Colleague: 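Mind having a look at this structure? Questions to follow.
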Number of protein chains: 2
Amino acid sequence: MTSKQSTKNRILDAAEALFADRGFAETSLRTITHRADVNLASVNYHFGSKKSLIQAVFDRFLQGFVKGLDAEMKPLEASQVAPSVEQVLHTLVKPLMTMDDRRHQGSSNFMKLLGRAYAESQGHMRRFMQEHYAAYLARFTSLLHRAAPDLTNSEMFWRLHFMLGTVIFTLAGSDALRDIAAADFRESVSLEQTLERLLPFLAAGFRAQPINSLKNVS
Amino acid sequence: MTSKQSTKNRILDAAEALFADRGFAETSLRTITHRADVNLASVNYHFGSKKSLIQAVFDRFLQGFVKGLDAEMKPLEASQVAPSVEQVLHTLVKPLMTMDDRRHQGSSNFMKLLGRAYAESQGHMRRFMQEHYAAYLARFTSLLHRAAPDLTNSEMFWRLHFMLGTVIFTLAGSDALRDIAAADFRESVSLEQTLERLLPFLAAGFRAQPINSLKNVS
DNA sequence: GTATGTTTCAAACAGTTGTTTAGATTTTGT
DNA sequence: ACAAAATCTAAACAACTGTTTGAAACATAC
């Protein structure tokens, strides 16, 4: 079926890198194909359109990510005892790390991409993810519920998204932050260290006592 | 000096709204000038270029924001007793609220914009903010330091940015989240309620015990 | 070998982009 | 009222966008 495996992947690689540090609209097909060293028309031939290319880039990443996430979640799901919030959050670390150094490019290419996608085009990507990867989100949510059974569903929902925001945002801008930190504190931190720094913050926030007031007249 | 106050502001208003829900690159000057009902060339005449327009939009917002923030921080700075983390974070609420309904457009226009700007163009905006509004950031950081004196500078730095990420990210996508929450839990929440929900999360995260392990062999 | 289907390629397409120009119109200072 | 400066306007500019085309090159099968 596929004679040359390369072209399609060359395009995906180039697109992923360029999207990450320029944005979607700011990256032209000509730039992509030039970097991939393929003909301009190939992207339309192989993917149909630029929009489909973007989706393809995401799919390739997310499939790799959820495969790793699945492996991490399974033992927690199988266990009889309820996991801690930290344990649940920790399922994200290894998959993120793997995704990070699978790409050759210096640092977390893809997180920038995710951050962009989330900000871009009125939540179009948020919807895409929630449709295509709803099952994994449900499993993750379920684990969190076991870890913190006293939180209401509504509160869970919000805090899950708070955490999601923090992770994506931090990882998306992590090189910039790392540079500043390196300059100001003479500490050089790896992605893993950033994640380990992030988890206690998230876990504590997630477990925080919900608002007591707001309408404390009762 | 200024004969007609309108044109420049009409452009700013239109640009702000359009940038917020389409993105910068995705919004053309023609779309802006059409919505503002002014001539295409006016934006180049008044602002010089599209890039300058973007900066002008931000400056207008940020100046309003820091004015409100300043008013909120002053009493805390004047007080002899150290503020709580919650109190410090609460200085953000009113300015954000004011900025939100100053604009006529339905919901938090500008937070989307901020979210975009942060994601966009390799932290170019992050740098801009840190340069132009460094004084306010320093005061805020100083307050936080009084509220949690036992945190190291390095840890402070990271957690400040964690919080920043959560706020921007949440507020940027808040309408989408509110829609989902409304559908799933039949609860309709205002921006203020979202913020009040956010603060305990942030405060708890900020106060969390830093990583003890990472290299717990000692 | 020819035939068949797939992939690559250069060129052109139609449309949009930000910016500039030069002339009209309006506002301002005196 | 007049001159000068500021503002607005329509039109055109060159550059770039994603996509399409039709022929060339390639691979595979018979």
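Order of the sequence lines fixes the chain letters, A, B, ..., with proteins taken first and strands second; residue numbering starts at 1 for each chain. As the structure is a prediction and not an experimental result, all values here were calculated from the model.
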Colleague: Going by the side chain to side chain contact (heavy atoms under 4.5 Å, CB included) test, name the single residue among A:Leu89, A:Leu144, A:Val88 that passes it with A:Phe206.
Modeller: A:Leu144
Colleague: Could you list the protein-to-nucleotides 22-24 of chain C atom pairs, N/O on both sides, closer than 3.5 Å?
Modeller:
none

Colleague: Rounded to whole Å, please give me the gap between CG in B:Asn39 and P in D:dT9.
Modeller: 6 Å
Colleague: Only one of A:Val38, A:Thr7, A:Thr33 clears side chain to side chain contact (heavy atoms under 4.5 Å, CB included) with A:Val43; which?
Modeller: A:Thr33
Colleague: In whole angstrom, what separates B:His34's NE2 from C:dT17's P?
Modeller: 13 Å
Colleague: Nearest 0.5 Å please: distance from the CG atom of A:Leu171 over to the OG1 atom of A:Thr166.
Modeller: 11.0 Å
Colleague: Do A:Ile32 and A:Phe19 make a side-chain contact, defined as non-hydrogen atoms from C-beta onward lying under 4.5 Å apart?
Modeller: yes
Colleague: Take atom CD1 of B:Ile32 and atom C1' of C:dT16, then tell me their distance rounded to the nearest Å.
Modeller: 14 Å
Colleague: Would you call B:Arg60 and B:Asp13 a salt bridge, taking side-chain N to carboxylate O under 4.0 Å as the test?
Modeller: yes
Colleague: How far does CG of B:Leu12 sit from CG of B:Leu53, to the nearest 0.5 angstrom?
Modeller: 6.5 Å
Colleague: Calculate the interatomic distance between B:Lys8 atom NZ and D:dC8 atom C1'; express it in whole Å.
Modeller: 15 Å
Colleague: With rounding to the nearest 0.5 angstrom, report the CE to CG distance, A:Met97 to A:Leu195.
Modeller: 7.0 Å
Colleague: Expressed as a whole number of angstroms, how long is the span from A:Asn9:CG to C:dT7:P?
Modeller: 13 Å
Colleague: Using Watson-Crick or G-U wobble pairs with both distances under 3.5 Å, give me DNA chain D in dot-bracket, 5' to 3', with [ ] for crossers and | for pairs to another strand.
Modeller: .|.||||.||||||||||||||||||||||
Colleague: What distance do B:Phe58 atom CZ and B:Glu16 atom CD have between them, rounded to the nearest 0.5 Å?
Modeller: 9.0 Å
Colleague: Whole Å only: how far is the CG atom of A:Asp37 from the C1' atom of C:dT8?
Modeller: 12 Å
Colleague: Mind checking the CG-CZ spacing from A:Leu92 to A:Phe65? Nearest 0.5 Å is all I need.
Modeller: 5.0 Å
Colleague: Taking only the side-chain nitrogens and oxygens of B:Thr7, find out if one of them lies under 4.0 Å from OP1 or OP2 of D:dC8.
Modeller: yes
Colleague: What is the distance from atom NZ of A:Lys50 to atom CZ of A:Phe24, rounded to the nearest 0.5 Å?
Modeller: 9.5 Å
Colleague: Whole Å only: how far is the NZ atom of A:Lys51 from the C1' atom of D:dT19?
Modeller: 14 Å
Colleague: Under 4.0 Å between a side-chain N/O of B:Asn44 and OP1 or OP2 of C:dG18, yes or no?
Modeller: no
Colleague: Where each residue is assigned the nucleotide of DNA chain C containing its nearest heavy atom, which of A:Leu40 and A:Tyr45 is assigned the position nearer the 5′ end?
Modeller: A:Tyr45
Colleague: Under the criterion salt bridge (charged side-chain N to carboxylate O under 4.0 Å, His left out), which of B:Lys94, B:Lys67, B:Arg139 is the partner of B:Glu72?
Modeller: B:Lys94
Colleague: Hey, what are the protein-to-nucleotides 15-17 of chain D N/O distances that come in under 3.5 Å?
Modeller:
| unit_1 | atom_1 | unit_2 | atom_2 | d |
| --- | --- | --- | --- | --- |
| D:dT17 | OP1 | A:Ser28 | OG | 3.2 |

Colleague: When you check the phosphate oxygens OP1 and OP2 of C:dT6, does a side-chain N or O of A:His46 lie under 4.0 Å from one of them?
Modeller: no
